Amino acid sequence: MTRSEPADYNEANAQAWGMCMTDRYDFRVIEPKWQARWEAESTFRADDESDRPRYYVLEMFPYPSGAGLSVGHCKNYAPADAYCRYKSMKGFEVLHPMGWDAFGQPAENEAIKRRRHPREMVPEYAANYRRTLKLIGASYDWSREINSSEPEYYRWTQWFFLLLYKRGLAYRATAPINWCPTCKTGLANEEVKEGRCWRCDTPVTKRPLPQWYFRITAYAERLLAGIESLDWPTGIKLQQREWIGRSEGADVDFPIIGDPRKIRVFTTRPDTLWGATFMVLAPEHPLVNDLTTPEHRANVDDYIQRAMSATEIERMSVDRPKTGVFTGAYARNPVNGEAIPIWIADYVLMGYGTGAIMAVPAHDQRDFEFARKYGIPIELVYTMVGGPQDGDSMAQALPDGGYMRDFTPKPEALTPKSPFAGRANSVETVREVIAWLEEHGVGEGRVNYRLRDWLISRQRYWGAPIPIVHCPSCGEVPVPEGDLPVLLPDVDEYQPSGTGESPLATIPEFVNTPCPSCGQPARRETDTMGGFACSSWYFLRFADPHNSEAFADRAKIDAWLPVDMYTGGAEHAVMHLLYARFWTMGMHDAGLVGFDEPFPRLRSQGAMLAYTPGRAPRIDEQSDSDEDGDQIVDWIPLKPEEIATFPPDQIIWRWARMSKSKGNVVSPDAVVEKFGADSLRVFEMFVAPFEDNVRWNDEGVAGSLRFLQRLWRWMAPRIPQVRAEAPQTSSGAAETDADRAIRRKLHQTIRKVTDDIEGFRFNTAIAAIMELVNDLYLWSPTDVSGSHAERPANPGLLREIVTCLTLMVAPFAPHLADELWERLGHSGSTYRAAWPNWDPAIAADEEITIVVQVNGKLRDRLSVPPDTDDDHVKERALASAKVAEATAGKTVRKIVYVPGRLVNIVVG
RNA sequence: GCCCUGGUAGUCCAAUCGGCAGAGACAAGCGACUUAAAAUCGCUCCGGUGUGGGUUCGAAUCCCACCCAGGGCACCA
């Protein structure tokens with residue numbers, strides 16, 4: 001947060017330099033100059049024909065909002081850009097593209113709010129983003145810019161829809177879907193967070209609608225297995241694993257008494273079948289209506305009614321007491337022949353497994369609570385020594401463990417004797433029970449996934465129309481490829497209707513079309529695709545963005561993809577990243593691409609936090625949140641217009657993620673104006689590791705500017721000296737100890753910076769350069785004016801230092817580096833210059849410090865050549881006076897020597 | 001409730017394999033330069049790693065328990 005001091009550092013600097021105006025670090029001149037040069041020379045254009053090895057760096061493409069780019073976005077863009085520049089200098093042909101995730105609700109909502117059409121608004125906002133990205137010196141190949149809302153792009157989104165459709169991976173079905181009453185559209189499961197819409201926080205309701213789905217569940221196993229090989233943050237891999245939610249168990253069929261049908265349940269614990277004393281169906285289960293007996297009809301209907309009207313939040317609340325009603329029907333437990341009652345309860349979810357469970361109250365806490373409440377018998381399957389021996393004495397379900405009881409079977413039982421009596425409660429027993437069930441034809445092993453199919457339909461205007469025609473005689477007919485794109489009609493009114501119908505449904509010219517198959521009048525599908533469809537393949541388009549014959553040329557895809565380094569926010573851990581993986585697997589199986597993981601390497605940047613004024617919520621603002629004590633809203637950011645009028649003593653300041661909605665966004669424009677783009681870049685990389693959240697502060701950027709000025713002040717006056725000398729004058733010069741030390745430091749720094757950039761550790765890379773600069777001032781002091789920069793005794797060494805330092809700082813402060821590079825007499829940008837190498841022999845320490853400990857406590861230090869042999873080091877350690885003092889009168893019991901590090905003398 | 005990440009100086013952060021706790025910066029202070037201030041250059045300050053145990057010659061690092069912060073999941077049978 002900006003504290004105060006609108007000090008103009010650059011002006012102050014100019015004064016300090018007085019007469020030396022031409023040599024001062026003037027970012028206001030340097031930065032526009034190089035940005036113009038890069039643009040004019042197409043420095044960052046990725047050459048498809050290059051014979052260099054390829055490297056593809058991609059940041060998740062943004063939705064260009066009206067608020068513009070913030071310094072928070074730069075937390076990702078600046079380091080990714082530094083990485084690109086580094087890779088280019090390492091000899092790679094780098095593809096670094098940018099585009100706009102322009103379809104979808106954020107753009108549409110903003111357009112509605114501002115009463116402008118998104119078609120004209122999006123390019124304007126995109127232009128502003130592009131301007132800001134250029135302002136911070138980002139090295140994008142703008143000739144590859146794409147916009148997902150343009151027909152030449154979404155034509156291929158539709159093409160992929162049809163591809164998935166033809167491969168049986170897209171289908172239409174009617175089911176109760178997640179519906180956001182505010183956004184007035186259906187949502188995918190991934191877009192519901194804690195029962196609320198991920199965009200607007202509105203509690204989600206259920207609504208039965210015909211919708212399009214992608215059959216992502218068909219790839220559940222591959223999506224899960226593929227995670228293993230990915231170089232991604234462990235947290236994101238874990239989230240994907242949990243979202244897919246694999247569990248092993250069995251399907252078991254329970255015959256209904258007095259009905260020929262059976263109820264199928266999924267269970268992970270088929271070994272507890274002997275304790276299943278009732279069954280529970282989800283209220284939406286299709287058999288409920290048929291099973292309910294007349295005397296229970298009213299109760300059941302009433303319960304279903306209430307369950308359907310509850311919001312997801314109410315229904316999913318864990319702490320809520322279990323409720324349910326008896327249907328009047330009974331099923332037979334297939335293993336022991338008992339007749340068990342069939343209930344319905346809303347703690348059973350229609351969307352998971354079969355929507356029906358066998359309830360084993362003795363071994364499942366939820367079933368236990370339910371059984372206790374409704375007086376249903378509790379039958380132990382496993383018992384433990386010292387544990388409860390019958391259901392009546394239990395206070396809660398039994399934890400895992402114990403051994404299986406023997407049971408007295410009924411005549412209807414599957415086998416006359418209980419076959420597993422005495423078996424341990426273990427996964428082996430579960431496995432054997434499954435085999436036994438299969439043998440007797442009452443169940444089969446099954447793997448179940450939590451993942452559900454991806455709901456892609458949106459009842460919104462601003463998206464790619466789903467390319468399907470509904471014909472009264474032919475049914476669903478895909479639009480022929482030659483007729484793509486199905487253009488989104490240009491209309492004035494496109495507000496979401498809220499009826500469950502897309503706004504497109506009200507446009508007869510769009511809806512009415514002849515059937516592509518039979519030519520009879522038919523209706524177009526009016527739903528559009530959610531924005532995640534566009535972002536599931538955009539990384540391919542960048543390889544060949546202007547292709548009008550195909551989504552991209554295969555040879556170019558093979559050359560550039562998969563993406564070598566992908567960066568973006570962790571909020572897309574399960575949405576975009578899972579969808580894009582699925583889509584890629586679909587394409588791979590269709591033979592369109594040669595890989596099935598699009599992003600082998602991923603890094604997630606931390607958020608930029610701003611110090612944000614807020615207030616306590618009013619009573620009425622808490623109402624929808626806190627029934628169960630969670631989800632309490634305790635802080636609401638103040639709108640910019642409220643701050644002036646709000647009582648200052650009631651303002652609560654907090655660090656909050658920068659976002660347009662909180663009104664706490666710091667724009668790069670102001671920062672660049674005041675400190676320069678290079679300072680902003682250096683600050684964002686230096687302040688913390690890439691993955692960490694950062695609290696924005698101007699002081700830090702000022703510090704980065706000071707560092708760049710310091711570096712410049714040392715370098716600039718020496719460049720003329722370097723240029724004046726012939727390149728090869730170093731050989732004869734005698735090397736002093738100080739010269740050798742600084743050269744060693746230089747090579748150690750190159751090594752450190754190289755390793756750190758490879759490992760995405762930009763903060764420590766910059767710290768290493770700072771260290772080198774500090775050492776340079778000690779080696780060869782410079783005063784304020786630069787006039788006292790002495791003529792070096794060893795011009796070759798000076799040339800080496802100046803050259804390597806310029807190149808090393810280039811990824812972080814490219815404008816400054818290119819300016820120095822030019823002054824050094826080179827033409828062109830550092831972007832195509834070679835990254836410096838280090839010489840291990842020069843970087844090697846001449847002397848190393850060995851720490852001498854006595855009983856683990858530091859007592860002395862020895863300085864020895866690195867190749868000194870072990871015994872000699874130990875001898876010298878024992879010879880130390882300080883050691884003698886510490887060991888006086890004690891016996892040496894042991895000497896631990898860690899080569900090159902320490903000697904620990906254990907005495908007692 | 002469960003899972004994951006992380007707690008190091010007044011602040012942000014380093015410490016690569018279990019081996020000197022401090023690289024770098026911010027802030028503060030002092031000195032030099034200056035008529036003065038700013039800027040600059042140099043120097044200085046402070047902590048023993050959230051808490052309590054354990055393993056080890058040796059723990060910021062490994063193990064156990066707890067506390068705090070951030071994130072994820074949450075009736076998934």
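Just so it is clear: chains get the letters A, B, ... in the order the sequence lines come, proteins before strands, and each one is counted from 1. Everything numeric in this text was worked out from a predicted model, so none of it was measured.
Phosphate proximity of G19(B) to Asn904(A): absent, as no side-chain N or O sits under 4.0 Å from OP1 or OP2. Contact annotation: Lys193(A) side-chain N/O to C73(B) OP1/OP2 distance is under 4.0 Å. At the phosphate of A15(B), neither OP1 nor OP2 sits under 4.0 Å from any side-chain N or O atom of Arg901(A). Taking 4.0 angstrom as the limit, Asn774(A) places a side-chain polar atom (N or O) nearer than this to OP1 or OP2 of A25(B). One finds no side-chain N or O of Arg241(A) lying less than 4.0 angstrom from the OP1 or OP2 phosphate oxygen of C73(B). An OP1 or OP2 oxygen of A77(B) is reached within less than 4.0 angstrom by a side-chain nitrogen or oxygen of Ser247(A).
Aromatic ring centroids of Phe675(A) and Phe683(A) lie 6.0 Å or more apart.
You'll find that the side chain of Glu771(A) is closest to A23(B), out of A74(B), A23(B), A14(B). Which of G19(B), C41(B), C76(B) sits closest to the side chain of Arg710(A) comes down to C41(B).
Using atom C1' as the reference point in both C68(B) and A28(B), the two lie 28 Å apart (nearest Å). Comparing the C1' positions of A23(B) and A14(B) gives an interatomic distance of 5 Å, to the nearest angstrom. Taking the C1' atom of each, U34(B) and U16(B) are spaced 47 Å apart, rounded to whole Å.
For the residue pair Tyr897(A) and Leu902(A), the shortest heavy atom distance occurs at CD1-O, 3.3 Å.
Using a 4.0 Å heavy-atom criterion, one finds that Asp364(A) contacts no nucleic acid atom at all. Residue contacts for Glu691(A): at a heavy-atom cut-off of 4.0 Å it reaches no nucleic acid atom on any strand shown. Looking at heavy-atom distances under 4.0 Å, Leu349(A) makes contact with a base.
Between the base of G72(B) and the side chain of Glu242(A) there is no donor-acceptor pair shorter than 3.5 Å.
Below 30°, between 30° and 60°, or above 60°: for Phe762(A) and Phe690(A) the angle between ring planes is above 60°, a perpendicular geometry.
In this structure, the separation between NZ on Lys75(A) and CE on Met608(A) is 6.5 Å, given to the nearest 0.5 Å.
By the rule that a glycosidic angle within 90° of 0 means syn, C17(B) counts as syn.
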